[in-house]
Amino acid sequence: MEDIKPKLLKVTIDGILVEVEPGTTILQAARKIGPSVAPPAMCYYQPLKGSGGKCRACLVRVAAGSEKDPRPMPKLVASCLTPVQDGMVVENETNPQVVEARKGVVEFLLLNHPLDCPVCDQAGECDLQNFTFDHGLATTRYEEDRRTFEKQDIGPYVQLHMTRCILCYRCVYTADQITNKRVHGVLNRGDASEIGTYIEKAIDNDFSGNVIDVCPVGALTDKTYRFKNRVWFTKPVDAHRDCPTCSGNVTLWYRGEEVIRVTARKNEWGEVTEFICNTCRFEKKKTSDWTIEGPTKISRASVISANKYRADEIKPTFGQRLAAAEYKPIHDERDTSQLNIRQLPPERFVQTVPSAE
Amino acid sequence: MATKILTEHVNVPGIETFDVYRKQGGYTALEKALKTMTPEAVVEEVKKAGVRGRGGAGFPMGMKWSFLAKPEGVPRYLVCNADESEPGTFKDHYLMKNLPHLLIEGMIISSFALGANKSFIYVRGELMYVIRILEKAIAEAKAKGFLGKNILGSGYDLELVVQPGGGAYICGEETALLESLEGKRGNPRNKPPFPAVKGLYQCPTVVNNVESIATTPWIMNNGGDAYAAIGIGRSTGTKLISASGHINKPGVYEIELGVPVEDFLYADEWCGGIRPGHKFKALVAGGSSVPILPANLALKLENGDKRLMTYESLSEGGFKTGTMLGSGGFIVFDETSCIVRNTWNFSRFYHHESCGQCSPCREGTGWMEKVLHRIEYGHGHQRDVDLLVDVASKIEGNTICPLGDAAAWPVASAIRHFRDEFLWHITNPQEATQPGAVYRGEMALV
Ligand SMILES: Cc1cc2nc3c(=O)[nH]c(=O)nc-3n(C[C@H](O)[C@H](O)[C@H](O)COP(=O)(O)O)c2cc1C
Ligand code: SF4
Ligand code: SF4
Ligand code: FES
C-alpha cells in the first residue's frame with residue numbers, strides 16, 4: 001500500500017540534519033532530534049492551542065532560511081512559533097549570540113521573581129530554575145524594587161502566589177481549553193499584569209487542578225501538598241484507577257508509604273499527556289484507591305533521578321562551556337546580603353568545564 | 001502651490017456635513033469606482049499610486065490589498081486603524097474631526113475593492129466626540145444611499161461600524177486591535193498567521209491607517225499614476241505631519257514627500273522656525289517610537305546633502321545617523337530641553353503601555369524606565385548608561401509585536417547621540433537635579 005505523503009522538509013539544527021513534515025516548528029524539529037538540541041520552553045505547551053511566543057526562552061538563530069525565502073538571515077527567532085523551511089540551518093547553543101540572548105531572557109524573567117526557591121514547593125521541578133541554571137548568570141544587574149503581590153486562594157485546592165508568576169499564560173489557556181468555564185485570566189497590563197480571578201470567584205470545576213501541573217513555576221500550588229515535602233525526597237509511581245470523569249492515569253508521589261501528591265503524567269518535555277480530574281488529584285490519596293503500574297520513568301535531567309545541581313554530575317553543553325569560558329563576574333558594588341541571594345563563586349563554573357578534547 | 005490631496009477643502013465652512021462635502025466634489029470618486037470600475041481595477045490603481053501605509057510601518061497599501069486571501073464563502077473585512085495614540089502624532093484625529101466624509105468615502109471605496117461587506121473604524125476611545133462626528137456622517141451617507149444595501153444601484157452592500165477603542169496604545173497594533181474589536185483583551189497575536197489570512201474572527205482582514213484610506217478618493221479621481229508623480233522615488237504622494245514642540249507654528253501640515261527637513265522646519269508655510277531666541281537641539285521625526293536625532297543630523301545627511309522628508313532619506317545612514325518617518329509625529333526640541341528627562345518620559349510611556357505578554361518587553365520597559373528615572377533624579381551610576389544600551393538591545397527584535405522595538409529605539413538613540421548629557425547627569429547630580437537645569441556642554445545646536 002502506498003501512502004501519499006507530503007514532501008518532507010530538511011532542516012539542520014546544530015549541525016544535525018532532520019526531516020520533518022511541513023508545518024512543523026523549529027522547536028518540534030529540534031525535539032525530534034533529542035534533548036541535547038531542544039531549546040528550552042517556558043511558555044509553549046504542546047497540548048495547549050495558541051500557547052508560545054511569550055517567554056522568548058526558546059530563541060534560536062536561523063543562520064540560513066530556505067532558498068525560496070528571500071527574508072534577510074541570520075536572525076533570532078522564537079523557535080516555538082517559527083515553522084521550518086526546506087534547507088533551513090538553525091543554530092541553538094552553538095551560537096554565542098543565542099547564548100547571550102538567552103542570558104538576557106533569564107535576566108528579564110528573574111527581574112521581578114522573588115527567588116524564594118528554598119521555600120517554594122516547585123523547587124526541583126521548576127522550569128525557571130532549570131532554565132536559569134542552564135542559561136543564566138549567577139549575578140544580577142537589577143537594583144530596583146521588585147513587584148510583589150499578596151498570596152491568594154483560588155478555590156479550595158489551589159493557591160496563587162502571583163509574585164512568582166512569569167506570565168506564561170499556560171494556566172489561562174488550560175482554563176480556556178479544558179475546563180468548561182474560565183473564571184480567571186490576566187488583569188492589568190505590562191509588568192503590573194496579574195493572574196486574577198474576577199470578583200475573587202474561586203476556580204471551581206472538575207478540571208481546575210490541572211493549572212498546577214502546567215504552571216512552569218511555583219505560582220500555582222496544590223494546597224493539599226503545600227510545604228509537605230521537597231520533590232527530590234519523593235518517589236513517583238505510575239498508577240491508574242477507573243475514573244468516571246477522566247482517564248484516571250496519574251503519577252503518585254510517595255514519601256515512604258504515604259501518597260503525598262497526585263499529578264498528571266508528563267512526557268519528557270514536562271508536558272501533561274492526559275489532564276486529570278480534581279477527584280483523582282485531590283481526593284484519592286490512598287494506595288488502595290489505585291492500581292499501581294510501576295516506577296515513573298524520570299528523565300536523566302531531573303533532580304529526582306540524578307543530582308542535577310551537583311557540579312561534578314553535570315555534563316555541560318557546548319553553550320555552557322562557551323559561557324563558562326567567557327565568564328566574567330559582573331561588577332556589582334552591592335553587598336550580597338542586601339540582595340538576599342548567595343553569590344555563586346565563579347570557580348564553580350570553571351570546575352564544570354571539561355578540558356577540551 | 002503644493003498639491004493638497006487630503007486637506008484641500010479643510011477650511012471650507014461646514015465641510016464636515018454631507019452637503020458641503022458633496023458640493024466640493026465629494027463622493028464623485030465613489031460613484032466612479034462603483035459605476036465604472038471593477039474591484040480589481042481599484043486595487044490596481046492603488047498599487048500604481050504606491051501609497052505606503054501611514055500608520056508607521058510604511059508598507060505599500062496596494063501590495064497589502066493584493067495579499068488578502070479570498071477563500072470561497074468566507075467574509076472579508078476592512079478595518080480602519082484610528083487608534084492614534086503615539087506621543088507626537090495627532091493627524092488622524094485632525095482628519096477625522098474635520099473631514100469625516102473623506103474617511104467614509106475612502107472606506108467605501110476600499111471596502112468595495114476588497115470585497116468587504118462589513119467594515120470597521122476603530123477609533124481611539126478617548127475621542128468620543130470624534131466618534132459622534134463619524135457616526136453622524138455615516139448616518140448622512142446612509143440616508144443619501146451611499147452606504148447600506150445596494151449602494152447607488154450597483155448591487156454592492158456595505159455596513160460601516162464605528163467602534164470606540166479599548167483605551168490602550170497597544171490596541172493600535174493591528175492584531176491587538178483585532179482582538180480588542182472581537183471584545184477580548186488587546187494582546188497582540190503571534191504572527192504568522194497574518195491578518196490578510198486570518199484576521200478579524202479568523203477571516204481575511206486588511207487593517208489600514210486613517211490617512212492611508214483617505215488617499216483613495218483622490219486616487220480614484222486622478223489615477224494612480226498622478227499620485228505616484230508626486231513625491232520622490234518610493235515615497236509617493238503627500239503626508240500629514242503633526243508638528244509640535246519648540247516651533248513657532250505647531251500644527252498638522254500636509255506636505256509633498258520630498259520637502260527638505262530644513263524647509264519644513266524653517267519655512268513660514270510650515271513650522272516657521274524655532275521659537276525666538278532659541279536654538280534647535282534635537283528632532284524626533286516620526287513619533288515617539290523612532291530614534292531621536294541631534295539637530296545637525298536631522299538637517300543633513302552624513303555626506304552633507306540635505307535630509308528630505310521621505311521614508312528613504314530619513315532612514316539614510318541606518319540607526320547610526322538616521323531615523324524613520326514613522327507616523328509623522330515631528331517633535332522639535334530646543335536647547336532648553338533635557339534629553340535625559342525626555343527619554344525617561346518616553347520610556348515611562350512604553351512601560352505603562354506594554355501589554356505584558358512577552359518577557360523582554362514586559363520586564364525590560366520597566367527596568368529602563370526605573371534606571372532612567374534614577375539618572376534623572378540624581379542617583380545614576382556610570383555603568384547605567386551601558387546597562388541601558390544592553391537592555392535595549394535585548395528587547396529589540398525579540399518580541400511579539402513592534403512595541404518592544406519602539407521602546408528600545410528612543411533609549412538607544414538618545415544614548416548614542418547624547419551620551420555626554422547622560423554622563424553629565426550622573427557625575428553632577430547636584431547641578432542636574434536643580435529645577436530647570438539642562439546640560440550646556442558641547443553639542444551641535446543649529
Ligand atoms: C504599539 C503599536 C501601536 C500602533 N498604533 C497605531 C495607531 O494608533 N494607528 C495606526 O494607524 N497604526 C498603528 N500601528 C501600526 C499598525 O500595527 C499597522 O501597521 C497599521 O495600522 C497598518 O496600517 P497602514 O499600513 O495603513 O499604515 C501601531 C503599531 C504598534 C506596534
Ligand atoms: S500562574 Fe503559572 S501558569 Fe499561570 S501565567 Fe503564571 S507562571 Fe504561567
Ligand atoms: S512587545 Fe510588548 S506590547 Fe508587544 S506583545 Fe510583547 S509585551 Fe505586548
Ligand atoms: S517557548 Fe517559545 S517563546 Fe516561550
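Throughout, a chain's letter reflects where its sequence line sits, starting with A, and its residues are numbered from 1. If you're wondering where the values come from, they're calculated on a predicted model, not measured in any experiment.
With a threshold of 4.5 angstrom between heavy atoms, B/Ser393 does not approach chain A through any atom at all.
Rounding to the nearest 0.5 Å places CZ of A/Arg141 at 10.0 Å from CG of B/Asp386. Distance check: A/Leu59 CG to B/Asn398 CG gives 4.5 Å after rounding to the nearest 0.5 Å. Atom OG of A/Ser193 and atom CG of B/Asn187 lie 8.0 Å apart (nearest 0.5 Å).
Considering only heavy-atom pairs separated by less than 4.5 Å from chain B, the leading option among A/Asp145, A/Leu81, A/Val105, A/Val77 is A/Leu81.
For residues 39-65 of chain A, every residue pair satisfying the salt bridge (charged side-chain N to carboxylate O under 4.0 Å, His left out) rule, not counting sequence neighbours, is listed here: A/Arg61-A/Glu91. Sorted by first and then second residue, the side chain to side chain donor-acceptor pair (under 3.5 Å) pairs involving residues 404-415 of chain B (not counting sequence neighbours) are B/Glu396-B/Trp409. The salt bridge (charged side-chain N to carboxylate O under 4.0 Å, His left out) analysis of residues 160-174 of chain A, with sequence neighbours excluded, yields the pairs A/Asp116-A/Arg164, A/Asp127-A/Arg170.
Residues of residues 347-377 of chain B that come within less than 4.5 angstrom of chain A, heavy atom to heavy atom, are B/His351, B/His352, B/Glu353, B/Ser354, B/Cys355, B/Gly356, B/Gln357, B/Cys358, B/Ser359, B/Pro360, B/Arg362, B/Glu363, B/Gly364, B/Gly366, B/Trp367, B/Lys370, B/Val371, B/Arg374 in numerical order.
By the neighbour-count criterion of 12 heavy atoms within 6.0 Å, atom CZ of B/Arg234 is sparsely surrounded, having that number or fewer from other residues, nucleotides or ligands. Heavy atoms of other residues, nucleotides or ligands lying less than 6.0 angstrom from NZ of B/Lys198 number 12 at most.
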